[in-house]
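Computed from a prediction, not measured in an experiment: that's the story for all the values here. Lettering follows sequence order; numbering is per chain, from 1.
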Amino acid sequence: MPSENSQTPNVNDFSIHVATINGSGSQTSNNVLMRTIFQMGVPVSGKNLFPSNIQGLPTWFTIRASKHGYIARRKEVEVLVCMNPETALDDLKALPPNRVCIYDAPLKLSNKRTDCTFFEIPFARLVAEIPETDARLKKLLANMCYVGVAAELLGLDLAESEKALMKHFKGKTKPVALNMKALNLGVDYVRKTYPKAQVPYRIERMNATGGKIIVDGNMACAIGALMAGCSVIAWYPITPSSSLVESFIDLAKKYRHDPQTGKATYAVIQAEDELASLGMVLSAGWAGARAMTSTSGPGISLMAEFAGFGYYAEVPAVIVDVQRVGPSTGLPTRTQQADLLEVAYLSHGDTKHIALLPGTVEECYSMMQDAFDLAERFQTPVFVLSDLDLGMNNWMADPFPYPTKDFDRGKVYTDADIEKLRAAGKKFERYRDVESDGIPWRTLPGNPEEGGSYFTRGSGHDEAARYTERPEEYQRVMDRLARKYETAREWVPKPELTGGPVADIGIIAFGSSHTPVLEAMDQLSADGIRTAYLRLRALPFHRSVQEFVALHPRVYVVEQNRDAQMLKLLKADLPAELCTRLRSILHYDGLPVYADAIHEGIKRMEVPQRVVSGGKGPGTRGEE
Amino acid sequence: MPSENSQTPNVNDFSIHVATINGSGSQTSNNVLMRTIFQMGVPVSGKNLFPSNIQGLPTWFTIRASKHGYIARRKEVEVLVCMNPETALDDLKALPPNRVCIYDAPLKLSNKRTDCTFFEIPFARLVAEIPETDARLKKLLANMCYVGVAAELLGLDLAESEKALMKHFKGKTKPVALNMKALNLGVDYVRKTYPKAQVPYRIERMNATGGKIIVDGNMACAIGALMAGCSVIAWYPITPSSSLVESFIDLAKKYRHDPQTGKATYAVIQAEDELASLGMVLSAGWAGARAMTSTSGPGISLMAEFAGFGYYAEVPAVIVDVQRVGPSTGLPTRTQQADLLEVAYLSHGDTKHIALLPGTVEECYSMMQDAFDLAERFQTPVFVLSDLDLGMNNWMADPFPYPTKDFDRGKVYTDADIEKLRAAGKKFERYRDVESDGIPWRTLPGNPEEGGSYFTRGSGHDEAARYTERPEEYQRVMDRLARKYETAREWVPKPELTGGPVADIGIIAFGSSHTPVLEAMDQLSADGIRTAYLRLRALPFHRSVQEFVALHPRVYVVEQNRDAQMLKLLKADLPAELCTRLRSILHYDGLPVYADAIHEGIKRMEVPQRVVSGGKGPGTRGEE
Amino acid sequence: MATTVTPKPPAEKKNRLGLTREAYTGGKSTLCSGCGHDSITAQIIQAFFETGVDPKNVVKVSGIGCSSKTPAYFLGQAHGINAVHGRMPSLATGANAANRKLKCIGVSGDGDTASIGLGQFCHLIRRNVEVIYIIENNGVYGLTKGQFSATADMGTAHKKGEINEMPPVDCCGLAVELGCGFVARSFSADFKQLKALLEAAIHHNGTAVLDVVSPCVTFNNHPASTKSYKYSKDHEIPLHDIDIIPHFEPQAEIHIEPGTTREVELYDGAKIVLKKLEEDYDPTNRAQATQSIERSRQAGQFLTGLIYLDTARRSYVDQLHLVDEPLANLPQSRLRPDPKALDEIMDSLK
Amino acid sequence: MATTVTPKPPAEKKNRLGLTREAYTGGKSTLCSGCGHDSITAQIIQAFFETGVDPKNVVKVSGIGCSSKTPAYFLGQAHGINAVHGRMPSLATGANAANRKLKCIGVSGDGDTASIGLGQFCHLIRRNVEVIYIIENNGVYGLTKGQFSATADMGTAHKKGEINEMPPVDCCGLAVELGCGFVARSFSADFKQLKALLEAAIHHNGTAVLDVVSPCVTFNNHPASTKSYKYSKDHEIPLHDIDIIPHFEPQAEIHIEPGTTREVELYDGAKIVLKKLEEDYDPTNRAQATQSIERSRQAGQFLTGLIYLDTARRSYVDQLHLVDEPLANLPQSRLRPDPKALDEIMDSLK
Ligand SMILES: Cc1ncc(C[n+]2csc(CCOP(=O)(O)OP(=O)(O)O)c2C)c(N)n1
Ligand SMILES: Cc1ncc(C[n+]2csc(CCOP(=O)(O)OP(=O)(O)O)c2C)c(N)n1
Ligand code: SF4
Ligand code: SF4
Ligand SMILES: [Mg+2]
Ligand SMILES: [Mg+2]
């Protein structure tokens, strides 16, 4: 429902799109603008669209205010702020009619279209008035100035902006004052130049964000790792994963040093590459530490060999993949869910992995903890598949609850256990299935009890961890590994059902597609189509996935990749007769999927004469 | 049909199993024994079961003579030769009753069982008579001596053995004489000691091997690469792939040097690892050479990142994967078909690859040539999936025909083309789909025509090869890549149909499972079950795969891995309603699959009350 | 704002191929303004222009990083291949093997070369693959926002304050140890020396390593950094003044004062003229090279110039005994053995 | 036939922990009889036995190759991890971080270290990870049947006759260049020296590199090989005679003739006594170390002994400022911050 420029203003239900240049400090202003709305109690989300370079290229930031609490990306924009000469014409062209455009005066946009309301602001001239600032700071302040303009036009509470600045500058009053000055210059200029201006978009106080936090998924993962007692991280920088580890470092510096000695209860190792990262993580996990790495697609590819070792030698490890657009280097600063097939079967030979699929920042937090527990319980690499949208964008959330469960350190024989075994005339055998759940017992290096040691290898081994090439011994271990994987189905986070149980169609999605799906469900419901939505939260699939598919004649699998990767994994796992029900909604242009795309994709296939879409232009692709 | 020890001797239809120690030179004797049978016109095959070490561990060699022409592995053994003290008792235990056992005298096996015919031979004492030989040579000769024993007992023609030795020693008479001496010592000893010996197994001359060759798949691939004009190989040694490149080197030294200058028309680069190998191959292919690498599972894993680059930047490369047992280091000297899922989707992001699946040594030869043509036609990495059984064992075959097709160098614009384009006011655009088949045109470095150059990258690019992050430009290239993959379905080697068209059930298999499937078809037919067999020869699947499945109510997919990897790929590709017909026959203990296993697996599922098998012991697993 | 690397030269100046400098430029740089890498790009353009290499006979290879982006900004008429992080050396090797006639220039970063790519770097040198290998060394990963790379000096500070406790990988020291035949160090702001070294490298037959300190203005140009403009300027010790006399222009207008210079001949007949500064440095003496690097490292200095030269080793392509024509250009008739050959092979298997 | 590495010692001899040599042995070797690697295994057993390290406090790491198999043949009571080809250094690093109390010994081959693993090798040294890093150097890939590795000497011949034209990667030269604090070379057949060097390495706090020439009898022991027993014996130049005085046994029965020896103290107080041979060699002089390696390389000699020692650098675990207890042993209470901490974090995000 695009809000038209009518008499009744659109309150708390529109998007602001800010086009700037990266490296110009627009990040701060964008955050202050977003926080101002948030602090006014209005649900809000912010998506940063930035280039894969450091300075000088176009960047966009979209803030969505939604009284309904929709925090997914919207494609439509109501208020456009043009600060970047390079993209201004294109940005303006994409604006629907009757919207508002604020622009930097030299861009002279007002004569390009007549169907928009323009606000021309001479930002540079305005901030020139502020004394004692260098060129770089001037640029920053010009950006802050646009916040003032927007505040005045949209009815924002400047006190909240000041609070946001205080937060940003950690209470340092000087920069806050300076920025408030720039902000007020914007306010004053609008009041003076456009005294009667009335834009049809307003932010009004609500009470929907009280007590909430704003956080990105990488920070949420970092907090999760911190609370999970992660003690060794080996990593190699890569966008969009780096900030996860960097956030962990910041947190750990504060919360993970021994109060007496000041010494660290964690080690963060910047490795020379991703092969080394995973090698370090595996041996640390093998030696008993809770160890993890974080990377993105190219790093995952480099980890393929070691991942297979971890699977076969049964070594715990947590591997976060903050997915970006592939293939290859692809678009490092765009989002996609296209590493599923790679991760599910990573490495040569018969390997299959456990993977968790957080769909919210809350789950980034909780699933990092699950991941460590599962890695140690199942003695295997556990992947956490986040993505750039989830990981690097700002999401509103309830504060994370303190964990209620103790660490699950899995089946580890202590010295005493080994001694007991020996006393009972038994022997520790590393790869024996003692409880018939496929999970063997392990010991840790430095175990001083005789008979407690074993030799770990990626080559053929029998149940006592001895080298073997005997067919039956090899196969016995492989069959147990398959059994272990089956056990995992009941241990991993279960899928989450929304809507239903009676519904016309089913929707399956996962990860960052979650919020757009929720919004699309409302849209479909408005069209009279009742939906039930199962959100996958892990590989391997829980049996409820099968039950869900069996309940619905058609199930739409929404995913952000070209090759319908999750659908392929579902087909591989589900009974064949159920697979006929599955249909694909694909979105893979690098921007987060949005509700309209899902809504339209499903509607198109649900109307009686089905329209089969082929190699159409960009956007979302529906396929049967 | 195990041949019982009855009055009518088993002629040309039994197996000889030789247990020795690796590094003791038994390879030569085994080959001479096998060649002797081959030269007597009897279809024969030889499988070497060797350890992943260099010297001192148990090795077995199984020779199967089959008047029916079956050259697959058989599990049953009729004649056992025990030379290895370490395994002798186990080897003997596995022998069915009423069979023949030849053994080294110190092993004293004859008092272990009463239901076998034993021949005790004092090998060391016999060859001690040969003067002037050192200890190592003595061991070799002891092994040759057993060939004489077998020859005498089974009725082999010693003249053929001598011919085989001549071949082996490239006509050098001295070693031939020495070995013949050892061989004759065996013959004489049997005649003297067991004058009335009558074993129920005989080799008699046939006329079924005339003009045939014996070759392993790696050599066949090497010959294929040679004839395909492969000019750059970058590789890193790994079992069981090394002998492929080493064979190529031997051949190229002879056949690929300029007659005038003596200089090479090829470069073989031993890289520092597999990452580097593929990097070298890709840039060589990009620069216009026909370039390849050969490796096994661990190497494929290390190539994951570069494989995605090759896919996305569209660079030709041929990558041979001689599969061994995974996961991880696994069993380097055992066979498996378990890299399918890895190869099909190798790398992060939306990647999918072309892969060829040779099933015979003839196809190792022909498909290497196809691979180079396809790699250049489709400008993408093309995988050739062989395995240890195919690659390192001896296979009988018809001589390879001289290629009848010229190289397909694909869509390469020459200088003249670029000039013509320019004259027509057009521009070369690297990634444009000119003919709507998804395949763009490329140029080669060193192209002196202006406008002919372009910048190749693994990051986002538009149709003119310019860097882009624009959603629609990114997606346009990705959609074309998907189209290109669809085009490939019609270009790759088509599946091969055997039996049918009317049949009770279908069988799908590929690669080295081919010969056991053929044999199992005869067995099933004897049971009254008519089969049609479709041999997959490539990914992506040709449409005839779908047609085949549609024709049969039940289709058994035979593969040598635990996870039903080919079945998963089929499910991902076929219409869901057809997938209900697919069933799995899995064999993954590291030894080549054999006909009985397939036969029994299928029969078990075809009887009315289906027996569902679970985590049984080793062997083949049937699953619905 | 994005900056253009190449201020327009006077239009008339042409090189021996009759090309203007324009023919050696590439796309617009998207690096931060002031980034050292852009200065190196400018000198690459200038060196290739002045040496008169046909840009169409060049291939450009690179890895991933701000530095590795730069091949898009020079020699636009040359084919280029920009692959994955740290694997540029393997690209150079493959391109060399496929087409020995092409001049190969590789650009890498310190992260790309000394962190993830260290193995390939060493093996390239060992093979002596013919490539001009430029390390645009800023001590940090620019593109991923300023983490230390493996060339970060001991004691240097991160933007956030953290001090590096590990010794740097010294790419020149390593190259000398591995037997590289051309090892040089320079500074992106030392235009004249950098250009001269690039020109010398163009004339070298084998791996030519140029480790160029190239400050990252955004992440590693602060006062406590040892790879900042200021620190580098203050601590640079040039070994000599360098001039190149190209083989095609032996009477170049270089004024040589007797006794103060040393001449070294390059592979193709070009000559390097080294004017001595503090002390007489002999770049053909490997022991001296090692010692000088070590000594300056200990003194916290940053030695620039041609550190080591050995023109005697054969390049990798020569070691491969290849035919003279590029393998990539051979026709089917020279690549596919004739039927007789196949018959012979088949007979051997019968 | 497979051979046993360990001829039984007289049963009574016990070390300071009261353990017999038996407690330091492992599984049966499956290497070729005569393989140099088995001799190294025997000296490892002996050195750990004599030094009196508790085998249960040791971790063994290795890559892939004949050499990398050997950790299964010694210290059977220690945990071991044998991972993938060329990545042993990353295992050592992770194990160190997780449990700083364990003594780490890594065994690798020349292919494992100098070919595929070269990058990790260099970075391990740069970090100064505490590990005894043994390169069982035979110049070939034994396990894959004898192809040249990157340490194959220039001019050495392959079993099939092919001559190597590339210079070797000299792991000692490289280690010195990269600032390794303990660099030694030995020969698998020089039992006494090898054992002494291993004992010294046990006392070192940081990366101790031991490059041990270890002939491959099956693939690289022919007359034209430079890594054969004969060639190595003929060309070995020991720098000194070596003895170790352990810190726990300062009155060891070593006879020291004044003037002829040099004493060097190790990290934990143990002392190395070097008896001079040809010339007086100071292993703490880095420049001399580099030069000696270079000179012997040029002379085609094969220098053995303790080449370089620097005990001043902090090991990686020290650089990480870790708590004294192994991270692996910390209880949940010390790993999970308390609710107050989480509240604080949440507040900062409000
Ligand atoms: C396999 C892989 N890991 C990580 C990255 C992320 N990455 C991109 S550039 C870069 C470092 C670049 O540093 P450097 O080579 O010094 O170049 P600079 O940007 O400093 O010029 C990294 C780590 C990647 N692209 N690929
Ligand atoms: C990724 C990978 N590539 C190749 C191999 C095959 N491979 C096993 S051992 C080895 C070389 C071993 O050489 P070296 O390290 O010198 O040990 P040696 O056997 O000589 O003791 C190779 C190439 C492998 N296991 N993994
Ligand atoms: S981030 Fe640093 S290295 Fe990258 S372009 Fe900017 S200044 Fe240059
Ligand atoms: S092949 Fe060589 S390295 Fe391997 S065990 Fe035998 S002798 Fe030793
Ligand atoms: Mg850098
Ligand atoms: Mg070796």
Taking every non-hydrogen pair under 4.5 Å, which of Glu342(A), Lys352(A), His348(A), Gln337(A) racks up the most with chain B? His348(A)
Leading residue by heavy atom contact count with chain B [cutoff under 4.5 Å; candidates Ala313(A), Gly460(A), Pro51(A), Gly330(A)]: Gly330(A)
Segment of [X] engaging chain B (4.5 angstrom heavy-atom cut-off):
| X | result |
| --- | --- |
| Leu275(A) | side chain |
| Glu469(A) | both |
| Asp90(A) | side chain |

Heavy-atom distance under 4.5 Å to chain A: side chain of [X], backbone, both or neither?
| X | result |
| --- | --- |
| Glu305(B) | both |
| Tyr311(B) | side chain |
| Arg470(B) | side chain |
| Gln565(B) | side chain |

[options]: which one forms the most heavy-atom pairs within less than 4.5 Å of chain A?
| options | result |
| --- | --- |
| Ala572(B), Cys579(B), Gly590(B) | Ala572(B) |
| Ile300(B), Leu331(B), Leu346(B) | Leu331(B) |
| Leu340(B), Leu49(B), Leu302(B) | Leu302(B) |
| Ser328(B), Ala338(B), Pro58(B), Ala307(B) | Ser328(B) |
| Pro332(B), Pro575(B), Pro327(B) | Pro327(B) |
| Ser347(B), Gly310(B), Gly326(B), Gly308(B) | Ser347(B) |

Taking the basic N atoms (NZ, or NE/NH1/NH2) and the acidic carboxylate oxygens, is any pair closer than 4.0 Å for Asp433(B) and Arg483(B)? yes
Would you call Arg480(A) and Glu314(A) a salt bridge, using N to O less than 4.0 angstrom? yes
[X] side chain to [Y] side chain, donor-acceptor N/O pair below 3.5 angstrom:
| X | Y | value |
| --- | --- | --- |
| Ser386(B) | Gln323(B) | no |
| Asn48(B) | Trp60(B) | no |
| Asp479(A) | Tyr588(B) | yes |
| Thr468(A) | Glu473(A) | yes |

Under 6.0 Å between ring centres, would you say that holds for Tyr485(A) and His353(A)? no
Would you confirm whether the ring centroid of His461(A) sits within less than 6.0 angstrom of the ring centroid of Tyr467(A)? no
From CG (Asp462(B)) to CD (Glu472(B)), nearest 0.5 Å: 10.5 Å
What distance do Asp389(B) atom CG and Thr335(B) atom OG1 have between them, rounded to the nearest 0.5 Å? 5.0 Å
